[in-house]
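Data block below; observations after.
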Amino acid sequence: MPDLTNAALSTMWMQHRFTRLADFAAAARDLGFGGIEVSHIVTLPMVGDADPAALGIRSVHYPAPVQPSPFGRAADALLSATGEEARGWAVAQGFATIDFAQRAAASTVCVHLGEVPMAGHLEWALRQRYLGGQAGTAPYTGARDALAVARQAAAPPAMDAARRSLAELAAYAGSRGIRLGIESRYHYHEIPTWAELGLLLDETDPAVAGFWYDCGHVEVIDNLGLHRHEEWLAAYAPRIVGVHFHDVIGLRDHLVPGLGELDFAHIAGVLPAEAARTCEFDWYYTPAEIQAGAQYLAAAGCFGPA
């Protein structure tokens, strides 16, 4: 049986199964995983009185444990807010996540760095055209280009706010021995695009912050024709600090590996040895399917040496 010691299981799979983080951590161990990733579905009551350092937490996905937002939007959306009160609150949630990661003896915090406020109908239309089999047609190309132009026009204020937030979070994390990973996102209005990631990485210390490579999200963006998957790896593989593994068919992500279109052996070959490795499989898969998907990744070399 392939060794899963270097793999963590995301609490995405905890949903509808466990109400206590300790129970999820025990289930992950029983499946052979070496640890877990605590994501933004985890609340303080789910942690309860458990000692985070005893749960095998490898990484934490901001914001976690999650707190109710007083601003009507989640903390990860607000890191790029132009209103300083909302942005400051979101950064404070980041500080709390970093503190939790430090208590848990985790090495890395994965960060969603906000979004560009823009009308959602343009991306919705592009995705509907894709699902309707129009990719490569003139109407599809026109919809894609209209989305890209609108996003570029709307992005500067949000990017300025996101850069300030990242600088504040990086300073806090660096002083506590935690590395940050800026995650590639599923929706095009979210930060960063391929080009934005380059700007953000250029402004941060590689010892403190890098790229959290969500291979499924990058594949979806590629399938939409917005940026090639291989170009993300060619430009940013050396800065990868963590990976979310899941498979994709078209726009459907978080599939168990082996069910979709990703070449995981190729992905394994470009990952830095020290990158955190998390299986982010959807909640509805059975334990046997979760284990089989992780073993598929292990056989492809995705978890490196034990």
When you measure from the side chain of S80 to the backbone of G114, do you find a donor-acceptor pair of N or O atoms at a distance under 3.5 Å? no
Minimum heavy-atom separation for A106 and V60, please, with both atom names. CB-CG2, 4.3 Å
Do L166 and L78 land in one hydrophobic cluster if side-chain heavy atoms of ILVMFWY residues count as linked below 4.5 Å? no
For Q152, look at atom CD and say whether over 12 heavy atoms of other residues, nucleotides or ligands are found less than 6.0 Å away. no
For the backbone of Y284 and the side chain of D282, can you confirm whether one donor and one acceptor N or O come within less than 3.5 Å of each other? no
P206 backbone acceptor or donor facing R179 side chain under 3.5 Å: yes
Y188 backbone acceptor or donor facing R151 side chain under 3.5 Å: yes
With distance as the sole test, does R129 use its side chain to make a donor-acceptor pair with the main-chain N or O of R144 at under 3.5 Å? no
Nearest heavy atoms of A237 and V270, plus distance in Å: CB-O, 3.7 Å
Is the shortest heavy-atom distance from the side chain of Y140 to the side chain of L126 under 4.5 Å? yes
So, do L21 and M14 sit near enough that their side-chain heavy atoms are less than 4.5 Å apart? yes
Are L31 and F24 co-members of a hydrophobic cluster defined by side-chain heavy atoms under 4.5 Å apart? yes
S69 side chain vs F71 backbone, donor-acceptor pair below 3.5 Å: yes
Under 6.0 Å between ring centres: does that hold for Y213 and H229? yes
Is there a side-chain contact between Y296 and F245 in this structure, where contact means two heavy atoms from C-beta onward sitting under 4.5 Å apart? no
Under 6.0 Å between the ring centres of H61 and H112? yes
Can you tell me if E85 has over 12 outside heavy atoms packed within less than 6.0 Å of its CD? no
Flag side-chain contact, heavy atom, 4.5 Å: T204 against R239: yes
Salt bridge R185-E196, side-chain N to carboxylate O under 4.0 Å: no
L233, L201: one ILVMFWY side-chain cluster at the under-4.5 Å cut-off? yes
Is V248 reachable from L259 through a run of I, L, V, M, F, W or Y residues, each pair having side-chain heavy atoms under 4.5 Å apart? yes
Of D214, T193, V220, I221, which meets side chain to side chain contact (heavy atoms under 4.5 Å, CB included) against S184? D214
Where the side chain of Q15 meets the backbone of M12, is there a donor-acceptor pair that is under 3.5 Å apart? yes
Just by distance, do the side chain of H244 and the backbone of T278 share a donor-acceptor pair under 3.5 Å? no
Can you give me the closest heavy-atom contact between L262 and D247, atom names plus distance? N-OD1, 3.1 Å
Axial cation check for F264 ring with R277, 6.0 Å and 45° limits: no
Taking the inter-plane angle between the rings of Y236 and W232 on a 0 to 90° scale, is it parallel (under 30°), tilted (30 to 60°) or perpendicular (over 60°)? perpendicular
Ion pair R127/E123, N-O distance below 4.0 Å: yes
Kindly work out whether a path of hydrophobic side-chain contacts (I/L/V/M/F/W/Y, heavy atoms less than 4.5 Å apart) joins W89 to I191. no
More than 12 heavy atoms of other groups within 6.0 Å of R17 CZ: yes
W283 (side chain) donor-acceptor with H16 (main chain) under 3.5 angstrom: no
Does the Y285 side chain pair with the main chain of L255, one donor and one acceptor, at a distance under 3.5 Å? no
Using a 4.5 Å cut-off between side-chain heavy atoms of Ile, Leu, Val, Met, Phe, Trp and Tyr, which other residues end up in the same hydrophobic cluster as V66? none
